[in-house]
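Below is one structure, written out as structure tokens, with a few remarks after it.
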Protein chains: 2
Amino acid sequence: MLLAIGYFSYYRLSTVDNQLITSFTEENYLKIIYLLTERHNGNEVSTNQLAEHTQTKAASVSDMLRKLAEKNYINYRKYQGVTLTEAGEQIALGVIRKHRLWEVFLVEKLGFGWDEIHDIAEQLEHIDSKELTKRLDDFLENPKFDPHGDPIPDAKGKMPSVSYQKLSEIPLNQSVVMMGVSVHSPAFLQHLDKQQITLGCDLKVLEISDFDKSYGLLLNNKIRLFVSNEVARNLLVQVSNA
Amino acid sequence: MLLAIGYFSYYRLSTVDNQLITSFTEENYLKIIYLLTERHNGNEVSTNQLAEHTQTKAASVSDMLRKLAEKNYINYRKYQGVTLTEAGEQIALGVIRKHRLWEVFLVEKLGFGWDEIHDIAEQLEHIDSKELTKRLDDFLENPKFDPHGDPIPDAKGKMPSVSYQKLSEIPLNQSVVMMGVSVHSPAFLQHLDKQQITLGCDLKVLEISDFDKSYGLLLNNKIRLFVSNEVARNLLVQVSNA
DNA sequence: ATATATTTTTAGATTAGTCTAAAATTTTGT
DNA sequence: ACAAAATTTTAGACTAATCTAAAAATATAT
């Protein structure tokens with residue numbers, strides 16, 4: 001809600017009868033519940049997991065879950081974990097859409113590296129303006145994926161389904177295209193940068209070392225390199241259709 | 001402060017020992033104090049004025065002033081109003097810089113009208129990233145003024161001084177250039193749009209009506225039109241040097 | 001110059017989101 | 001299957017930012 005009197009004005013979170021409709025905090029919880037549920041193929045998310053990912057204590061999470069359940073954003077049975085209701089999922093997807101669109105903006109328009117954008121997008125994802133999101137989407141030419149390869153939910157609140165495999169699950173000598181990463185830490189992304197592993201590059205597993213289970217790869221049909229098992233498990237790829 | 005564990009992360013306002021360094025609320029108070037002080041040519045801002053512009057009660061303002069004074073962001077003598085300290089002014093100018101840069105972005109890049117951007121900029125001005133502000137500034141080609149003609153403080157925290165006059169103070173038949181507005185309400189801005197009065201246009205006062213003190217103008221040396229006294233007092237202009 | 005009106009501050013309460021400690025529930029291991 | 005371990009919830013407390021009502025200070029008006 002924007003309050004304007006005379007020349008200036010003052011932004012406060014939207015309220016109805018002095019109660020927040022959806023606070024930043026609630027949005028964060030819903031987003032994290034969505035992402036963790038997705039990761040578990042739709043299974044409930046536990047209180048402790050949420051405490052870990054929100055950087056709070058389990059007691060605080062319990063309180064918030066009670067509140068989110070009251071607002072019908074989550075399905076919550078005590079001690080049994082939570083899933084999102086349709087309403088909760090729509091809020092989560094809206095936040096994720098904004099997060100990923102802003103990430104595209106930061107990389108494509110402002111020239112940030114894919115390892116530098118997460119913190120900023122964590123803030124921008126809470127900016128509340130339907131029209132802004134729409135215009136930003138058009139300005140960016142309606143991107144379908146963010147700079148980490150994650151799909152961007154559409155304006156109607158639908159998450160495109162993607163089916164990537166881990167590089168570690170691909171048979172030897174199968175050509176694949178690098179489509180995403182399952183870890184977004186700056187350290188991991190910078191590590192990939194140093195080896196010129198980028199979204200869209202061609203990869204082929206030539207061997208898996210007996211010594212340390214590292215992966216010997218052929219990059220873009222030219223460059224031979226080794227990546228650790230850890231790296232191979234966090235690269236998301238798709239079998240080339242060419 | 002961004003907290004990251006594993007795949008996700010979670011944004012909370014920056015804290016030191018669990019105390020906010022500068023909350024959105026504090027930033028808003030400091031910004032409003034700056035703008036009101038500027039309007040009064042450096043005189044103290046009163047509690048009631050702040051209550052009006054923050055849309056809160058005087059009691060709440062008193063509390064906040066005590067807190068801001070404790071942090072040495074304002075000079076506060078009870079019952080005597082406040083001014084900003086150097087530290088407080090730097091925070092205010094940082095917020096105003098971001099606000100105005102984002103306004104340029106919204107108009108120049110996303111095609112918003114100058115009457116639609118204020119509410120969104122009120123949110124964006126609190127995004128906390130030095131690097132983002134720097135890159136946004138470059139992306140916009142280091143604009144010196146926002147879409148309302150207000151000067152943009154530089155990265156060092158210096159507000160450019162501008163000296164505009166109200167159209168209502170300009171002698172008859174003096175050619176001037178429209179440089180800004182002293183009211184930012186959508187209604188006023190849309191009213192100007194309808195008469196094709198835009199930043200940079202040429203204006204000349206041909207007459208002031210005896211009947212209703214309205215202003216008969218020549219716009220861009222072509223179009224004759226009348227604007228109310230109220231409009232003339234809120235148009236900021238500069239004598240043409242051509 | 002002093003009574004009245006206005007402005008500002010203080011006192012005490014409320015809400016969102018967090019915490020620690022303790023109680024309740026579920027899971028695990030033998 | 002049941003005791004021990006782990007997880008989750010509840011209870012009670014704290015902080016930031018707000019509120020209303022009352023007290024204190026300042027300004028105003030005859």
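Please read these numbers as outputs of a predicted model, since none were measured by experiment. Below, read A as the first sequence line, B as the second, and so on, with proteins coming before strands; counting in each chain starts at 1.
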Distances under 3.5 Å between protein N/O atoms and the N/O atoms of nucleotides 2-5 of chain D, please, pair by pair.
none

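Spacing between atom CG of A:Leu65 and atom C1' of D:dT10 amounts to 14 Å, rounded to whole angstrom units. For A:Phe24 and C:dT18, the CZ to P distance is 13 Å, given to the nearest whole Å. Atom pair B:Arg66:CZ and C:dA11:C1' shows a separation of 12 Å (rounding to whole Å applied). One atom, NZ of A:Lys71, and another, C1' of C:dT15, lie 12 Å apart when rounded to the nearest Å. Between the CG atom of A:Asp63 and the C1' atom of C:dA22 there is a distance of 15 Å, rounded to whole Å. Rounded to an integer number of Å, the gap from A:Glu70 CD to C:dA16 C1' is 13 Å. When the C1' atom of C:dA16 is taken as reference, atom CG of A:Leu68 falls 12 Å away, rounded to whole Å.
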In a table with atom names and distances, give each donor-acceptor pair under 3.5 Å that connects a side chain of residues 161-168 of chain B to protein atoms at least two apart or in another chain.
none

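Out of D:dT18, C:dA11, C:dT20, the shortest distance to the side chain of B:Thr25 is found at D:dT18. Candidate nucleotides D:dT7, C:dT10, D:dT9 were compared by shortest atom distance to the side chain of A:Asn48, and D:dT7 ranks first. Side chain of B:Ala59, nearest nucleotide from C:dT10, C:dC19, D:dT18: C:dT10. Proximity note for A:Ser62 (side chain, C-beta onward) versus D:dA21, D:dT10, C:dT20: the nearest is D:dT10. Counting only heavy atoms from C-beta on, A:Met64 has its side chain closest to C:dT18 among D:dT18, D:dT20, C:dT18.
Applying the side chain to side chain donor-acceptor pair (under 3.5 Å) rule to pairs touching residues 79-98 of chain B yields B:Asn75-B:Thr83, B:Glu86-B:Gln90, B:Arg97-B:Asp137, sequence neighbours excluded.
In this view, B:Val107 and B:Ile117, B:Pro147 satisfy the side chain to side chain contact (heavy atoms under 4.5 Å, CB included) rule, not counting sequence neighbours. Remark: A:Asn41 pairs with no residue by the side-chain hydrogen bond (donor to acceptor under 3.5 Å, both in side chains) rule, at least two apart or across chains.
For the salt bridge (charged side-chain N to carboxylate O under 4.0 Å, His left out) test with A:Lys31, the passing option among A:Glu26, A:Glu122, A:Glu38 is A:Glu122; the others fail.
Geometric assessment of A:Lys109 against the ring of B:Phe139 yields a negative cation-pi assignment under the 6.0 Å and 45° thresholds.
Using a cut-off of 4.0 Å between Lys/Arg side-chain N and Asp/Glu carboxylate O, A:Arg135 and A:Glu131 are scored as salt-bridged.
OP1 and OP2 of D:dA16 both lie 4.0 Å or more from every side-chain N or O belonging to B:Tyr29. Between A:Thr47 and D:dT7 there is no side-chain N or O to OP1 or OP2 distance below 4.0 Å.
Between A:Trp102 and B:Phe105, the two ring planes are tilted [angle within 30° to 60°].
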Exercise for the section: Begin with the C-alpha distance, continue with both residues' side-chain angles, and end with the deciding distance and a verdict on ring-ring contact (aromatic ring centres under 6.0 Å, His included) for B:His118 and B:His148. Expected result: CA-CA 10 Å; B:His118 189 84; B:His148 306 109; 7.2 Å; no

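A heavy atom lying under 4.0 Å from DNA chain C marks the following residues of residues 75-85 of chain A, by number: A:Tyr79, A:Gln80.
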